[in-house]
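Structure record follows, encoded as structure tokens.
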2 protein chains.
Amino acid sequence: MNENYIDALKALAEPHRLRLFWLLIHVDQRITVAEAMDVTGDTQYNASRNLKILYKAGLLTQSKIGKWVYYSLAEQELPHWHTLVESVRSLPSDDFADVATRCKKRLAMRVDNECVIGPNSEAWLKKK
Amino acid sequence: MNENYIDALKALAEPHRLRLFWLLIHVDQRITVAEAMDVTGDTQYNASRNLKILYKAGLLTQSKIGKWVYYSLAEQELPHWHTLVESVRSLPSDDFADVATRCKKRLAMRVDNECVIGPNSEAWLKKK
DNA sequence: ATTATACTTGCACATTTATGCATGTATACA
DNA sequence: TGTATACATGCATAAATGTGCAAGTATAAT
């Protein structure tokens with residue numbers, strides 16, 4: 001039962017994933033793998049794998065729309081899970097400030113709140 | 001800065017240590033390595049090492065009294081640290097119930113709230 | 001002084017985990 | 001029908017981690 005909880009702790013105990021999860025909390029929105037790549041600078045396979053690990057750990061939800069895969073913060077019912085998320089939420093934002101602002105820029109490229117531009121696009125490299 | 005936080009997550013992301021930390025939270029008292037061994041059934045070196053890892057991660061405090069080393073819950077000032085501890089505190093106690101009751105039995109062997117009996121004593125093996 | 005006790009730690013070994021690369025799958029588009 | 005795009009994943013390698021054993025240090029007891 002708390003093997004799952006330990007999996008969640010393990011999932012968060014890695015810098016790239018902690019940053020991704022913090023981002024998902026603070027952007028308060030679903031994001032695609034492509035957007036995560038652009039915002040964090042992670043490689044395609046690492047962005048994909050790390051989001052999946054957070055999902056498998058029960059921290060994110062996943063939804064596929066066409067060729068895009070959106071991840072977003074999972075709602076937590078259990079107190080210890082909810083509190084764990086709150087702990088990450090209250091991390092000092094200084095450390096992630098740049099990621100947050102870059103994410104806003106990236107989300108501004110959406111159309112009707114849907115991701116329409118792939119990773120490492122010209123438009124993004126210019127904007128960044 | 002949040003390297004430390006990641007170290008704390010790593011420290012908690014191991015079953016033996018999570019159990020030890022949960023115990024330190026719920027027993028609301030300092031305990032020695034010997035007592036931790038008896039209560040958890042961990043080997044001497046693992047009890048020692050795991051408590052030290054929790055201490056180094058900033059989750060416990062350490063104090064040596066004679067040949068005994070006491071560990072106890074560290075007070076947390078920072079919100080994300082405090083909340084992390086609260087998350088572990090609210091873990092369902094079912095999973096750790098037996099450890100908690102065994103710890104009470106072990107602490108009952110103290111004199112003036114000081115540990116005076118070493119690990120794997122006759123008295124403990126009988127009591128257990 | 002010597003011995004016992006509580007705890008620590010270096011070492012070897014096995015398991016796990018992170019990463020890059022290459023390739024595979026699914027969907028969209030021409 | 002073929003090609004481009006978004007994402008996933010098997011494999012090999014390197015790094016990190018957990019564990020047992022044996023030996024170490026520090027304090028207490030005799």
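Throughout, protein chains are lettered first and strands after them, A, B, ... in sequence-line order, and every chain is numbered starting at 1.
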| Is a side-chain N or O of A:Ser48 found less than 3.5 angstrom from the main chain of A:Gln44, in a donor-acceptor match? | no

From CD of A:Glu14 across to C1' of D:dA16 the rounded distance in Å is 12 Å

(Q) Under 4.0 Å, counting only non-hydrogen atoms across every strand here, what does A:Gln62 touch: a base, just sugar-phosphate, or nothing? (A) sugar-phosphate

Check your understanding: Hey, does the side-chain of A:Gln44 have a donor or acceptor N/O within less than 3.5 Å of a partner on the base of D:dA6?
Key -> no

*Is a side-chain N or O of B:Ser87 found less than 3.5 angstrom from the main chain of A:His80, in a donor-acceptor match?*
yes

Contacts satisfying side chain to side chain donor-acceptor pair (under 3.5 Å) that involve residues 50-60 of chain A (not counting sequence neighbours) are A:Arg17-A:Asn50

B:Asp42 atom CG is separated from D:dG20 atom C1', nearest whole Å, by 13 Å

Per-nt protein contacts along nucleotides 24-30 of chain C (heavy atom under 4.0 Å; B base, S backbone sugar-phosphate only, - none) come out as --SSS--

In short, A:Ile31 meets A:Leu107 closest at the heavy-atom pair CG2-CD2, 4.3 Å

Taken to the nearest whole Å, CG/B:Leu9 to C1'/D:dA16 is 16 Å

query: Just to confirm, is there a sub-4.0 Å distance from OP1 or OP2 of D:dA8 to any side-chain nitrogen or oxygen of A:Lys52?
result: no

For nucleotides 10-15 of chain C, list the nitrogen or oxygen atoms of the protein found under 3.5 Å from its nitrogen or oxygen atoms, one pair per line.
unit_1	atom_1	unit_2	atom_2	d
C:dG10	O6	B:Arg49	NH1	3.0

One should read off an interatomic distance between B:Leu23 CG and B:Leu73 CG, to the nearest 0.5 angstrom, of 11.0 Å

I'd like to know if B:Glu35 pairs up with B:Arg102 as an ion pair, taking the criterion as any Lys NZ or Arg NE/NH1/NH2 lying under 4.0 Å from an Asp or Glu carboxylate oxygen.
no

With a 4.0 Å cutoff (strictly under), does any side-chain N or O of B:Asn46 reach OP1 or OP2 of D:dG20? yes

To the nearest angstrom, the CD-C1' distance between B:Glu114 and C:dA6 comes to 14 Å

Taken to the nearest whole Å, CG/A:Asn50 to P/D:dA8 is 12 Å

Between CD1 of B:Ile31 and P of C:dA6 the distance, given in whole Å, is 15 Å

Here the distance between atom P of C:dT17 and atom NZ of A:Lys56, to the nearest Å, is 16 Å

query = What does B:Tyr71 touch in the nucleic acid at a heavy-atom separation under 4.0 angstrom: a base, only the sugar-phosphate, or nothing?
reply = sugar-phosphate

Sub-3.5 Å donor-acceptor pair from the side chain of B:Asp42 to the main-chain atoms of B:Met37, do we have one? no

query = Between the main-chain N or O of B:Leu24 and the side-chain N or O of B:Tyr71, is there a donor-acceptor pair closer than 3.5 Å?
reply = no

Donor-acceptor pair, A:Gln76 side chain versus A:Gly58 backbone, under 3.5 Å? yes

Whole-Å distance, B:Met37 CE to D:dT19 P, equals 15 Å

